[in-house]
Every structure is written in C-alpha cells, then in structure tokens.
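Computed from heavy atoms alone, side chains included, the values below leave out hydrogens, waters and symmetry copies. Within every chain, numbering begins at 1; the chains are lettered A, B, ... in the order of the sequence lines, protein sequences first and strands thereafter.
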Amino acid sequence: MVQDDVRGVLKDFYESLYASLGPQGWWPGRTRFEVIVGAILTQNTSWANVEKAVANLRRARALSPRRMHALSIHELAGLIRPAGYFNIKAKRLKAFLNHLFDSYGDGPENLKRLLSRRTDALRRELLSINGIGPETADSILLYAAGRPVFVVDAYTKRMLLRHGLVGEGAAYQDIQRLFMENLPHDAGMFNEYHALIVRVGKDYCRAKKPLCDRCPLGRFL
DNA sequence: TGCCAGGCCGGGT
DNA sequence: ACCCGGCATGGC
C-alpha cells in the first residue's frame, strides 16, 4: 500500500469516528496528577475497575503527589485493590513519586516542573521510571502535558491489523510512526483520535469478535 | 465459567 | 532483539 493510501485511510477513520461519536473529552480525570495515576492503574485493566480505585484514593484524600507520597506502599496497595495487580501498581506509583520528589523536590511545583520539560527529554525521563512503558509515557505526554504525541494501545493495533494496515509483528514504534508521519501533529486531534479508538473498542467490539455490526467503521474491530 | 480488560518487567534464549 | 510467565480484580 502506498503512502498516500495510508494517509487517506487514517484520516477517513478519524473523520468517521468523530462524525458518528463526537468528541470524547478525554482524559477522564480531574487533574494532571489524576491523569498520571489513571494511566498507570489502567495498564491491562478495564477503566471501570480503575474508577473504583480512583474513588478509593479520592475518599482517602490521596489524589495529590504529596498525600500519595506519604502513604506506605501497603496502604496504597489496599486503596487501589480494585484496579488489579495492586502490589505491582502500588510499587509503580511509588516509583513515579520517588522520582518526582527526588529529582524535583517536595515543593508544590514539582509536577509542573517535570511536565514542562521538552517533549523528547520528558519522554525518555518517564520511560526510565520502573513501571512506565511506551503507552503510559505517551498517555502522560498527551493527556497530562498536552504534547502532540500519538498514543498506541491494543485497540489501535487491532484496528490497523484488521484493516490490513500493519502486520502482526508491528511494534509500538512502527504503529506510532504510522500515525505521526501521516497526520498533522495536533495534540487536540491526537487526543480525540485515541479516545475514539478506545471508545469503539470498548463499546462495539470484542477481541474474539473481529467483525462487528453497528461499528462506525464497518469492519473496524 | 472462562475470557477479557486503555501494559510492563525480568529472566531466558 | 524478541519471547514468555507473572501480575489480580471485576464484569459479562
């Protein structure tokens, strides 16, 4: 498939999804810190379970870097239990907070200073934290820092696979490049595009039901 | 009732 | 550079 076809298809997907479902208003979190917490908690986990964990954190007044940092890893694990993998994820949240406070101090501006680094440096820094991989880092870049970075997830890969735009062996970077080399680097559009893909994946499709009637893209997912 | 959900790490080849 | 087992809850 030639480059212009890919470009047109990616653009058509976006327009079809947006036309049928409208703006999704992501990320579903109130603050930048909450976005980061949600990004870690939702790793291989349904958002419904993440919401329960976030509600627990809110009830415990633990949704600020300082308050969460003050919790023991055991207390934190107890609060995020509904999100699954709670021991691992408690460790990952702690790893992020330890990095934040060690490198940017304990002042109220520490998160703001981290998130104002240049995009490529920030991405590498996030990836260096144990528990933050490519998708989590890019979710933070796009949804917490507002950078024009395309977020790739399992739904994205399935969409491209089922439309024959990539092969089974396609890596995260391959898929991200496909979007970023063929679309304008517009954070608002990348925001909606990823959110729309997830919306369709969640509401209209199943992993073992490749073809789904009612899907805005016809054969999508 | 098993399968799946908005991944990532660590150890092994 | 891949490949794989482990991590865990809740909804359908």
Side-chain angles (χ1 to χ4, degrees), chain A residues 13-14 17 21 23-29 32 34-57 73-74 76-99 123-145 149-162 166-176 179 190-212 214-217 220-221:
Chain A
F13 282 177
Y14 179 66
L17 292 171
L21 299 173
Q24 302 299 299
W26 270 34
W27 182 284
R32 291 184 297 181
E34 199 175 315
V35 171
I36 294 167
V37 171
I40 291 172
L41 292 182
T42 199
Q43 290 168 356
N44 200 42
T45 300
S46 64
W47 185 255
N49 284 4
V50 174
E51 283 183 314
K52 300 178 198 307
V54 169
N56 288 347
L57 292 169
I73 191 150
H74 182 73
L76 186 52
L79 290 170
I80 65 171
R81 192 177 190 90
Y85 306 133
F86 50 87
N87 289 313
I88 291 260
K89 287 173 179 175
K91 193 167 62 180
R92 290 177 180 177
L93 289 169
K94 275 298 196 178
F96 173 80
L97 290 165
N98 287 335
H99 176 85
R123 187 173 198 273
R124 276 192 294 274
E125 185 169 350
L126 291 169
L127 288 173
S128 77
I129 301 171
N130 190 289
I132 298 185
E135 184 187 338
T136 307
D138 288 336
S139 295
I140 292 170
L141 286 167
L142 178 60
Y143 292 106
V149 170
F150 200 90
V151 179
V152 175
D153 66 350
Y155 292 132
T156 313
K157 181 167 180 178
R158 259 163 49 194
M159 173 179 83
L160 297 182
L161 261 178
R162 289 174 180 172
V166 298
E168 183 61 58
Y172 187 96
Q173 295 283 348
D174 302 325
I175 296 175
Q176 185 178 49
F179 285 92
F190 283 168
N191 178 325
E192 287 298 336
Y193 205 154
H194 174 71
L196 285 162
I197 289 171
V198 173
R199 170 80 187 285
V200 172
K202 281 204 300 200
D203 292 0
Y204 297 91
C205 313
R206 294 277 69 83
K208 301 230 167 162
K209 293 176 65 175
L211 303 184
C212 173
R214 294 184 339 183
C215 176
L217 290 184
F220 170 20
L221 294 177

*Asks:* Given side chains that start at C-beta, do those of A:Val37 and A:Leu41 come closer than 4.5 Å, heavy atoms only?
*Replies:* yes
*Asks:* Can you tell me if the side-chain N/O atoms of A:Thr136 get under 4.0 Å from OP1 or OP2 in B:dC8?
*Replies:*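 Yes, A:Thr136 has a side-chain N/O under 4.0 Å of OP1/OP2 on B:dC8.
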*Asks:* For A:Tyr172 and C:dC3, what is the distance between atoms OH and C1' respectively, to the nearest whole Å?
*Replies:*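 A:Tyr172 atom OH is separated from C:dC3 atom C1' by 21 Å.
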*Asks:* Taking the side chain as everything from C-beta on, heavy atoms only, tell me whether A:His99 gets closer than 4.5 Å to A:Leu126.
*Replies:* no
*Asks:* How many whole angstroms separate atom CD1 of A:Ile36 from atom P of B:dC8?
*Replies:*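 It is 15 Å, rounded to the nearest whole Å.
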*Asks:* So do A:Thr156 and A:Tyr193 actually touch side chain to side chain, heavy atoms under 4.5 Å?
*Replies:* no
*Asks:* Within this structure, what is the CG-NZ distance for the pair A:Leu160 and A:Lys157, rounded to the nearest 0.5 Å?
*Replies:* 10.0 Å
*Asks:* Kindly assign one of parallel, tilted or perpendicular to the pair A:Phe150 and A:Phe179, based on the angle between their ring planes and the thresholds 30° and 60°.
*Replies:*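 Parallel, since the angle between the ring planes stays under 30°.
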*Asks:* At a cut-off of 3.5 Å, list every protein nitrogen or oxygen paired with a nitrogen or oxygen from nucleotides 9-12 of chain C, distance to 0.1 Å.
*Replies:*
residue, atom, partner, partner atom, Å
C:dT9, O2, A:Asn49, ND2, 2.8
C:dG10, O4', A:Asn49, OD1, 3.0
C:dG10, O4', A:Asn49, ND2, 3.1
C:dG11, OP1, A:Lys52, NZ, 3.4

*Asks:* Could you check A:Gly131 against A:Asp153 and say which one's nearest nucleotide on DNA chain B is further toward the 5' end?
*Replies:*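 Nearest nucleotide further toward 5': that of A:Asp153.
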*Asks:* Figure out the CG/C1' separation between A:Asn44 and C:dA8, and round it to whole Å.
*Replies:* 10 Å
*Asks:* Using a 4.0 Å heavy-atom cut-off, does A:Ile132 contact any base of the nucleic acid, only the sugar-phosphate backbone, or nothing at all?
*Replies:*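 Answer is sugar-phosphate: A:Ile132 comes under 4.0 Å of backbone atoms only.
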*Asks:* Looking only at heavy atoms, what is the nearest atom pair of A:Pro82 and A:Asn49, with distance?
*Replies:*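 Heavy atoms of A:Pro82 and A:Asn49 come nearest at O-CB, 3.2 Å.
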*Asks:* Do A:Glu135 and A:Val152 have side chains that get closer than 4.5 Å, going by heavy atoms?
*Replies:* no
*Asks:* When the P atoms of C:dG5 and B:dC3 are compared, how many Å lie between them, rounded to an integer?
*Replies:* 15 Å
*Asks:* Let me know the distance between CD1 of A:Ile140 and P of B:dG7, rounded to the nearest Å.
*Replies:*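 Rounding to the nearest Å, CD1 of A:Ile140 and P of B:dG7 are 14 Å apart.
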*Asks:* Which whole-number value in Å describes the distance from A:Lys89 NZ to B:dG7 C1'?
*Replies:* 8 Å
*Asks:* Separation of A:Lys91 atom NZ from B:dG7 atom C1', in whole Å?
*Replies:*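 Rounded to the whole Å, the gap is 14 Å.
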*Asks:* So which heavy atom on A:Ile175 is nearest to which on A:Ala170, and how close?
*Replies:* CG1-CB, 4.0 Å
*Asks:* Quickly work out the A:Glu51 CD to B:dA5 P distance and round it to whole Å.
*Replies:* 17 Å
*Asks:* Show each protein N/O and nucleotides 10-13 of chain B N/O combination with a separation under 3.5 Å, one pair to a line.
*Replies:*
residue, atom, partner, partner atom, Å
B:dG10, OP1, A:Asn130, ND2, 3.1

*Asks:* What's the CD1-P distance between A:Ile88 and C:dG5, to the nearest Å?
*Replies:* 16 Å
*Asks:* Pairing check on C:dA8: which nucleotide meets the Watson-Crick or G-U wobble criteria with it, both distances under 3.5 Å?
*Replies:*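 For C:dA8, the partner nucleotide comes out as none, under the 3.5 Å rule.
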*Asks:* Rounded to the nearest 0.5 Å, what separation is found between the CG atom of A:Leu93 and the CD1 atom of A:Ile88?
*Replies:* 12.0 Å
